[in-house]
Amino acid sequence: MIRKNKSALHEKDGVSQPETTSKSSAQKIKLNRSKQPSVDEFVTEILNGSIPFLSRAITLVESTNAKHQKKANQILERCLPYANNSIRIGITGVPGVGKSTFIESFGKHLTHQNKKVAVLAIDPSSSVNKGSILGDKTRMEELVTDTNAFIRPSPSGTSLGGVAQKTRESIILCEAAGFDTIIIETVGVGQSETAVHSMVDFFLLLKVAGTGDELQGIKRGIIEMADAIVINKADGDNIQKAKIAKTEFNRALHLYPPKESSWQPKVLTCSAIKHNGIAEINNLINAFLQLTKKNGYFVKRRNEQNTFWLKATIDQQLKDAFYNNPIIVKELAKEINNLEKGNTTPFNAAKRLLDL
Ligand code: GDP
């Protein structure tokens with residue numbers, strides 16, 4: 001297991017997350033913890049598929065310490081040419097719908113085919129309640145011991161943007177380490193589905209059959225984002241209800257305009273617990289890949305996503321640089337004081353600060 005509170009775990013200074021939930025990988029940690037590996041060592045080991053080095057590099061990515069971030073950026077830059085050779089799948093659904101059960105079943109299905117599966121999470125609430133998804137090590141019990149799987153809890157962070165950026169960088173590291181299927185799980189807090197959608201190739205919405213009015217309670221925009229809607233828990237008494245839900249979702253999907261990808265989103269049913277319908281979902285994803293790789297959409301979308309993230313990173317860094325500037329810190333306090341006294345307007349105050 002991972003030894004906590006050892007001073008040698010330098011990278012942990014800036015972060016509060018466990019290194020990994022993967023027991024198998026934790027056991028294999030051979031690297032010398034008293035010595036911080038060089039960028040060269042990190043890159044070589046990650047490209048060799050070393051899970052301990054991958055874990056430790058992700059910890060650097062997640063760190064708020066400036067030195068760690070610098071090193072993380074150097075590692076990322078060197079790993080980037082080896083990334084991209086993967087399928088990135090986003091999975092969302094309300095708590096209890098069966099996300100972890102599904103990911104376990106789907107993940108095992110893939111590892112049995114000798115695929116390497118990395119599971120990452122985006123949970124902006126995890127900094128508040130210490131990881132409501134993936135933080136719990138009892139989840140995905142079989143997958144965590146699978147040597148072809150790597151499971152990493154949601155990074156903690158103050159903003160969704162920050163958490164999402166760290167996850168995106170972790171995707172690159174996982175891909176460089178040879179993981180060909182990256183699953184990003186989110187619990188749908190705030191705008192987290194949009195964040196996940198902006199970094200995946202295929203977006204899957206997990207549902208359960210409810211009381212009949214299936215479209216009630218689904219956040220606006222989620223259906224538009226979905227490439228597949230999977231109705232889970234289609235077993236026992238639920239099979240009939242799941243079939244009805246499938247019809248209703250199919251009808252709803254046809255009301256939306258065709259997607260730019262030319263892909264017609266599909267509705268499937270499955271039982272994650274009984275492993276029914278899992279192969280069909282994988283076939284569907286493969287059909288999507290075949291279509292979008294052939295018509296150019298796959299590459300186009302990844303390029304668009306890269307541009308989006310380039311701009312998002314610049315926005316973030318400009319903002320950070322602005323608010324952390326000592327002059328701005330001082331002058332901002334003055335302007336807030338002036339505002340309170342009614343001596344200025346927000347617009348004049350903003351202009352003065354920006355002109356500085
Ligand atoms: P999550 O919160 O979305 O990750 O949901 P979990 O995977 O933790 O599942 C929530 C509950 O639903 C657990 O008690 C599971 O055993 C159960 N569950 C998950 N998938 C299925 C399924 O396919 N059929 C049935 N009957 N129960 C399931």
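When a ligand or atom number is given, it counts from 1 through the structure's own listing order.
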Consider only side-chain heavy atoms of I, L, V, M, F, W and Y, link residues closer than 4.5 Å, and tell whether L353 and I336 are in one cluster.
yes
If you count the atoms of ligand 1 from 1 in the order shown, which ones are under 4.0 Å from a heavy atom of G96?
1 (P), 2 (O), 3 (O), 5 (O), 10 (C), 12 (O)
Polar proximity ligand 1 side, A234 side, N/O cut 3.5 Å exclusive
no
Ligand 1 to K99 polar contact by distance, N or O atoms, under 3.5 Å:
yes
Side-chain contact test, heavy atoms from C-beta onward, threshold under 4.5 Å: evaluate it for R88 versus E175 and give yes or no.
yes
Using 0.5 Å steps for rounding, measure from the OG atom of S86 to the CZ atom of F179.
12.0 Å
Find all atoms of ligand 1 within a distance of less than 4.0 Å from any non-hydrogen atom belonging to P95, and give their numbers and elements.
2 (O)
Which ligand 1 atoms are under 4.0 Å away from a heavy-atom of S100?
4 (O), 6 (P), 7 (O), 8 (O)
What about C270: any of its N or O atoms under 3.5 Å from an N or O on ligand 1?
no
So if I count the atoms of ligand 1 from 1 in the order they appear, which ones are less than 4.0 Å from some heavy atom of V94?
3 (O)
Tell me which part of L206 gets within contact of ligand 1: side chain, backbone, both or neither, using heavy atoms under 4.0 Å.
neither
May I ask you to decide whether E224 forms a salt bridge with K259, counting only side-chain N to carboxylate O separations under 4.0 Å?
no
Please determine whether a side-chain nitrogen of the Lys or Arg among K266 and D227 lies less than 4.0 Å from a carboxylate oxygen of the Asp or Glu.
no
A234 backbone acceptor or donor facing N238 side chain under 3.5 Å:
no
Do the side chains of D201 and R302 get close enough for a salt bridge, i.e. N-O under 4.0 angstrom?
yes
Distance filter under 4.0 Å to D235 heavy atoms, resulting ligand 1 atoms
22 (C), 23 (O), 24 (N), 25 (C), 26 (N)
